[in-house]
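Computed from a prediction, not measured in an experiment: that's the story for all the values here. We count residues from 1, following the sequence as given.
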Amino acid sequence: MDADTSTGDGGTGGGDPAEPPPSGAQPSPGAGSALNGAGPSANGHGGPAGAVAAATPAPRKASRRFPSVTRDTARPEGGGRAASGASPAPARQWPLLTVLGSTGLGLLLVSVDLFRVGLIIIGLALLAGGVLRWMLPSVGMLAVRSRFTDITTYGVLGVLIVLLALVAQPRPWLDIPFLEDAVRFTVR
């Protein structure tokens, strides 16, 4: 038996069994024989089995390749709603709104000349986004990539922004001795 017709239903792959063609009806020449490998040339002999297979072409097997044109994108891991679907939209996206609100507060403080405090709040907002992404199973639109990539990105950017705010001149809040030597060696 061929691999295509091993289902026992004439190669249709499921559903109703194949019916023989009505008496006197002839399938069109070459109809379906090239698609499913059935017919006189494929199995070496003619007969009712070849005629039934030629009259009802087998469906194409599903390809394991990715389609050349995608119609939809997969949601990131944990990218579902953070609240039930009955809740209003802002309540469903509270993790993202928390991070954006904190970042907006930090930018407001930077604009009123409290740059160091504002930058620390922005960095802490990114760190909070990483913690929310790690702890909550579903964070809505805060999930952009895979969980690992999101946590790493939010964490690294948050730590860098906080550290840069702490060592910014004039009068840094954090004094790192080797940083001063490195700057003196490279710039001065």
Participant: Linking I/L/V/M/F/W/Y whenever their side-chain heavy atoms sit closer than 4.5 Å, directly or via other members, would L132 and I151 fall into one cluster?
Facilitator: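 No, L132 does not connect to I151 through the hydrophobic network.
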Participant: Applying side-chain contact (heavy atoms from CB on, under 4.5 Å), can you list everything that pairs with L127, at least two apart in sequence or on another chain?
Facilitator: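 With sequence neighbours excluded, L127 shows a side-chain contact (heavy atoms from CB on, under 4.5 Å) to L124, V159, given in chain and number order.
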Participant: Output the distance between atom CG (L174) and atom CG (L163), rounded to the nearest 0.5 Å.
Facilitator: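 Here the rounded value is 7.0 Å.
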Participant: Please determine whether residues V167 and L160 belong to a single hydrophobic cluster, defined as Ile, Leu, Val, Met, Phe, Trp and Tyr linked transitively by side-chain heavy-atom distances below 4.5 Å.
Facilitator: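 In one cluster with V167: L160, no.
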Participant: Checking T152 against T149: is there a side-chain donor and acceptor pair closer than 3.5 Å?
Facilitator: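 No, because no side-chain N or O of T149 sits under 3.5 Å from a partner of the opposite role on T152.
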Participant: If Ile, Leu, Val, Met, Phe, Trp and Tyr residues are connected whenever their side-chain heavy atoms lie under 4.5 Å apart, and connections chain through other members, are L114 and I120 in the same group?
Facilitator: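 Per the 4.5 Å side-chain linkage, L114 and I120 are co-clustered.
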Participant: Begin from the C-alpha positions of L164 and L119 and carry the test side chain to side chain contact (heavy atoms under 4.5 Å, CB included) through to its verdict.
Facilitator: CA-CA 9 Å; L164 288 174; L119 287 177; over 6 Å; no
Participant: State, with a plain yes or no, whether a side-chain heavy atom of W94 is found less than 4.5 Å away from one of V99.
Facilitator: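 In short, these two side chains do not touch, never coming nearer than 4.5 Å.
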Participant: Would you check if the side chain of R147 reaches a backbone N or O of R133 as a donor-acceptor pair within less than 3.5 Å?
Facilitator: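 The answer is yes, because a donor-acceptor pair under 3.5 Å joins these two groups.
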Participant: List the residues meeting side-chain contact (heavy atoms from CB on, under 4.5 Å) with L126, not counting sequence neighbours, and say none if there are none.
Facilitator: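 Once residues adjacent in sequence are excluded, the partners of L126 under the side-chain contact (heavy atoms from CB on, under 4.5 Å) criterion are Y154, L157, I161.
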Participant: Quick check against the 3.5 Å criterion: does R116 have a side-chain atom that pairs as donor or acceptor with the backbone of A165?
Facilitator: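 Between the backbone of A165 and the side chain of R116 there is a qualifying donor-acceptor contact (under 3.5 Å).
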Participant: For the hydrophobic clusters of this structure (ILVMFWY residues joined by side-chain heavy atoms under 4.5 Å, transitively), does one cluster hold both L105 and V131?
Facilitator: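 L105 does not cluster with V131.
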Participant: What are the two closest non-hydrogen atoms of M141 and Q93, and how far apart are they?
Facilitator: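 Taking every non-hydrogen atom into account, N-OE1, 2.7 Å.
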Participant: Step by step, work out the side chain to side chain contact (heavy atoms under 4.5 Å, CB included) result for W134 and V139.
Facilitator: CA-CA 9 Å; W134 178 41; V139 291; over 6 Å; no
Participant: Specify the closest pair of heavy atoms between S102 and I121, including all atoms of both residues, with the distance to one decimal.
Facilitator: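 For S102 versus I121, the nearest heavy atoms are O-CG2, 3.4 Å.
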Participant: Under 4.5 Å between any side-chain heavy atoms of P172 and L166, yes or no?
Facilitator: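 Side chain of P172 against side chain of L166, heavy atoms only: no contact under 4.5 Å found.
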Participant: Report yes or no: do L108 and V117 belong to one cluster of Ile/Leu/Val/Met/Phe/Trp/Tyr joined by side chain heavy-atom distances under 4.5 Å?
Facilitator: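 As far as the 4.5 Å side-chain criterion goes, V117 and L108 are not connected within one cluster.
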Participant: Okay, side chain of D150, backbone of R145: is any donor-acceptor separation there less than 3.5 Å?
Facilitator: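 At least one qualifying donor-acceptor pair exists.
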